[in-house]
Structure formats: C-alpha cells, structure tokens
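Scroll down for the structure; my scribbles are underneath it.
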Amino acid sequence: MSVDWSWERAIESIPFLLEGFKITLLATVAGFIIAAILGLLVAVLRRSGPKVITIPLRMVTEFIRLTPLVVQLLFAYFLLPQFTALQIGIAVLGIHYATYMAEVYRAGIDAVPRGQWEAARALSLPAGRTWRAVVLPQAIRNTVPALGNYAISLFKDTPFLFAITVVEMVTAAQQYGARNFQYLEPITIAGVIFLIASYPTSILIRKLEKSLVY
C-alpha cells in the first residue's frame with residue numbers, strides 16, 4: 001500500500017467525508033441536547049430528591065461513567081434491535097455525557113450563594129419556583145463554559161459509533177480508503193475537518209467563559 005500523498009485523492013475524498021460529517025454533526029447536536037436536559041434532571045434529583053431515588057441514581061450514573069462508551073454502544077445495539085444504529089448511538093452518547101454534565105450542573109448549583117436559598121425561603125417561594133427563578137438561572141450561567149467543553153468532547157467521540165455500523169465521518173474515510181487502497185488522504189482530511197469544526201468552538205467557549213466571570 002502506497003503512502004504517497006495525492007492532492008487529487010484528497011479532494012476526491014471530500015464529498016464522501018462531508019456525507020459522513022452530516023451524521024457526525026447530527027449525532028453531536030442531538031446527543032448534546034439529550035445530555036444537557038437529562039444531566040440537569042439528574043443533578044436536580046440528586047440534589048433534592050428522596051434517598052429512594054438518589055441512591056440508585058448515583059449508582060447508575062457511576063456505572064455509566066466508569067464503563068467504556070464502546071461497550072455501552074454495543075450493549076444497547078444488541079439489546080435494542082428495533083431501533084436504528086444511529087438512534088441508539090445518539091441515545092447512548094446523550095446518556096453517557098449526561099452523567100458528566102450532571103456533575104457540572106451539581107457544581108453550579110452548589111456554587112449558588114446560600115443567601116439566595118435563604119431569601120427564597122424567607123419569601124415563601126414554592127420549591128419549584130425557587131429552582132426555576134432563583135437557583136437554575138445562576139447555576140446554568142456558571143456551567144455554560146464546561147458544558148461547551150463537553151460538547152466538543154462529544155463531537156470528538158462520535159467516531160466510536162463505527163462500532164455499531166454508523167457511517168460517521170471517520171468511518172466514511174475508512175470506507176473510501178478501502179475502496180481505493182489509499183487511507184492517508186481521507187483520514188488526514190477527516191482530522192482537518194474535526195480541527196476546523198472544533199477550534200473555533202473552543203475559542204468561542206473561552207471568550208464566553210471570560211464574559212461570564214462576575
């Protein structure tokens with residue numbers, strides 16, 4: 001197998017990679033939405049729920065965080081054959097990252113000054129309104145940069161979807177290479193696309209973090 005670089009092959013591979021990039025982007029966006037919402041729910045339940053809920057929930061989240069993402073993908077793929085591979089991949093990515101985002105939310109909630117809680121109680125605000133109007137707006141503001149970093153990490157973990165036959169960008173690069181017996185160009189271009197997509201996002205997150213400093 002030759003490893004000589006060819007710009008012609010590199011340019012020819014781009015349309016195939018962009019098709020895979022659509023799947024990568026879809027998995028990233030949908031997975032992040034699931035993770036952000038589910039992570040917030042887990043954080044709130046662990047912070048204020050009864051022990052009958054918080055103890056099993058903590059055990060489940062620890063199990064998910066301490067087991068490999070690939071194993072979770074394969075387990076769900078074989079357990080739930082009625083769903084498509086992409087649907088399973090998005091769900092597993094979302095649930096996996098929700099366990100990490102829950103810790104970010106929890107830290108944000110704990111960072112809310114105690115006086116805010118006491119003021120809400122002094123005003124006799126219902127628990128639901130205290131969370132919605134007082135606690136969560138401040139907590140989420142503090143967690144935005146960290147959530148953005150997890151979005152980038154999720155984006156970079158989408159190649160693991162190859163394990164359940166999802167043709168995301170890296171898999172598309174491998175398939176193109178297999179057809180032409182030339183892997184260098186498509187894999188390199190895939191890496192460049194990841195960099196082009198991730199780097200501006202990381203800069204934006206850093207600027208956002210600075211703007212949110214009190």
Side-chain angles (χ1 to χ4, degrees), residues 1-39 63-101 145-206:
M1 181 181 65
S2 173
V3 294
D4 294 332
W5 178 268
S6 169
W7 283 107
E8 182 180 352
R9 286 195 298 266
I11 294 171
E12 186 182 66
S13 69
I14 291 176
F16 295 91
L17 299 183
L18 291 180
E19 286 299 315
F21 181 72
K22 293 178 183 178
I23 302 299
T24 294
L25 190 60
L26 173 61
T28 300
V29 174
F32 178 78
I33 291 172
I34 292 172
I37 295 173
L38 184 59
F63 175 81
I64 293 174
R65 284 197 299 165
L66 296 175
T67 53
L69 176 59
V70 171
V71 173
Q72 295 169 18
L73 286 166
L74 290 171
F75 178 78
Y77 180 67
F78 291 118
L79 181 67
L80 303 169
Q82 65 271 33
F83 296 99
T84 68
L86 181 58
Q87 289 171 338
I88 290 172
I90 289 172
V92 172
L93 282 172
I95 293 171
H96 183 83
Y97 271 89
T99 62
Y100 293 96
M101 292 186 186
L147 296 180
N149 288 328
Y150 275 121
I152 294 175
S153 295
L154 193 157
F155 174 61
K156 293 188 296 183
D157 276 350
T158 53
F160 285 120
L161 297 179
F162 85 94
I164 56 173
T165 72
V166 175
V167 184
E168 38 65 53
M169 185 166 59
V170 174
T171 302
Q174 291 178 322
Q175 290 182 352
Y176 176 85
R179 285 197 297 267
N180 297 276
F181 302 102
Q182 298 291 343
Y183 292 90
L184 179 62
E185 293 85 359
I187 293 297
T188 301
I189 297 299
V192 170
I193 293 175
F194 268 108
L195 178 62
I196 291 173
S198 299
Y199 187 65
T201 306
S202 66
I203 294 175
L204 178 62
I205 291 171
R206 285 199 294 269

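Keep in mind that what you see is a predicted model, and the values were worked out from it rather than measured.
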So, do [X] and [Y] sit near enough that their side-chain heavy atoms are less than 4.5 Å apart?
X    : Y    : result
E168 : V170 : yes
L38  : I95  : yes
V167 : I23  : no

Quick one: closest heavy-atom pair of [X] and [Y], and the distance?
X    : Y    : answer
S13  : P186 : OG-CA, 4.0 Å
I90  : A30  : CG2-CB, 3.6 Å
A172 : G20  : CB-CA, 4.2 Å
I11  : P15  : O-CD, 3.5 Å

Under 3.5 Å, side-chain donor or acceptor atoms of residues 78-86 against the rest of the protein: list the pairs with distances, not counting sequence neighbours.
| unit_1 | atom_1 | unit_2 | atom_2 | d |
| --- | --- | --- | --- | --- |
| T84 | OG1 | Q87 | N | 3.1 |
| T84 | OG1 | Q87 | OE1 | 3.4 |

Taking only residues two or more places apart in sequence or in another chain, which ones pass side-chain contact (heavy atoms from CB on, under 4.5 Å) with A76?
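Testing A76 for side-chain contact (heavy atoms from CB on, under 4.5 Å), a comparison that skips the adjacent residues, returns I88, V92.
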Using the side chain to side chain donor-acceptor pair (under 3.5 Å) rule, collect all pairs that involve residues 20-30, keeping only residues at least two apart or in two chains.
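Residue pairs with at least one partner in residues 20-30: E19-K22.
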Listed once per pair and sorted, the side chain to side chain donor-acceptor pair (under 3.5 Å) pairs that draw on residues 187-205, sequence neighbours left out:
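Applying side chain to side chain donor-acceptor pair (under 3.5 Å) to every pair that reaches into residues 187-205, excluding sequence neighbours, yields nothing.
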List for me each residue that meets ring pair (Phe, Tyr, Trp, His ring centres under 6.0 Å) alongside Y77, sequence neighbours excluded, and say none if there are none.
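Scan of Y77 (ring pair (Phe, Tyr, Trp, His ring centres under 6.0 Å), adjacent residues dropped) gives none.
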Mind checking what makes side chain to side chain donor-acceptor pair (under 3.5 Å) contact with [X], not counting sequence neighbours?
X    : answer
Q175 : none
T99  : none
Q174 : none

Which pairs pass salt bridge (Lys or Arg N to Asp or Glu O under 4.0 Å) with one or both residues in residues 63-88, sequence neighbours excluded?
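Sorted pair list: E62-R65.
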Rounded distance [0.5 Å steps], [atom1] in [X] versus [atom2] in [Y]:
X    : Y    : atom1 : atom2 : answer
L93  : L73  : CG    : CG    : 6.0 Å
I187 : M169 : CD1   : CE    : 9.5 Å
L154 : L147 : CG    : CG    : 12.0 Å
E185 : D4   : CD    : CG    : 8.5 Å

Checking side-chain contact (heavy atoms from CB on, under 4.5 Å) for the pair I152/I205: CA distance, chi angles, key distance, verdict?
CA-CA 10 Å; I152 294 175; I205 291 171; 3.6 Å; yes
Is there a donor in the side chain of Y176 and an acceptor in the side chain of E12, or the other way round, less than 3.5 Å apart?
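Yes, a side-chain donor-acceptor pair sits under 3.5 Å.
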Using a distance-only test with no angle check, is there a side-chain donor-acceptor pair under 3.5 angstrom linking Q72 and T67?
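Yes.
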Under 3.5 Å, which donor-acceptor pairs do the side chains of residues 156-163 form with other protein atoms, sequence neighbours left out?
| unit_1 | atom_1 | unit_2 | atom_2 | d |
| --- | --- | --- | --- | --- |
| D157 | OD2 | Y97 | OH | 2.4 |
| T158 | OG1 | F155 | O | 2.7 |

Run the salt bridge (Lys or Arg N to Asp or Glu O under 4.0 Å) test against R206 and tell me which residues pass, sequence neighbours left out.
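R206 satisfies salt bridge (Lys or Arg N to Asp or Glu O under 4.0 Å) with no residue once adjacent residues are dropped.
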With sequence neighbours excluded, give me every ring pair (Phe, Tyr, Trp, His ring centres under 6.0 Å) pair touching residues 17-37.
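Qualifying pairs, neighbours excluded: none.
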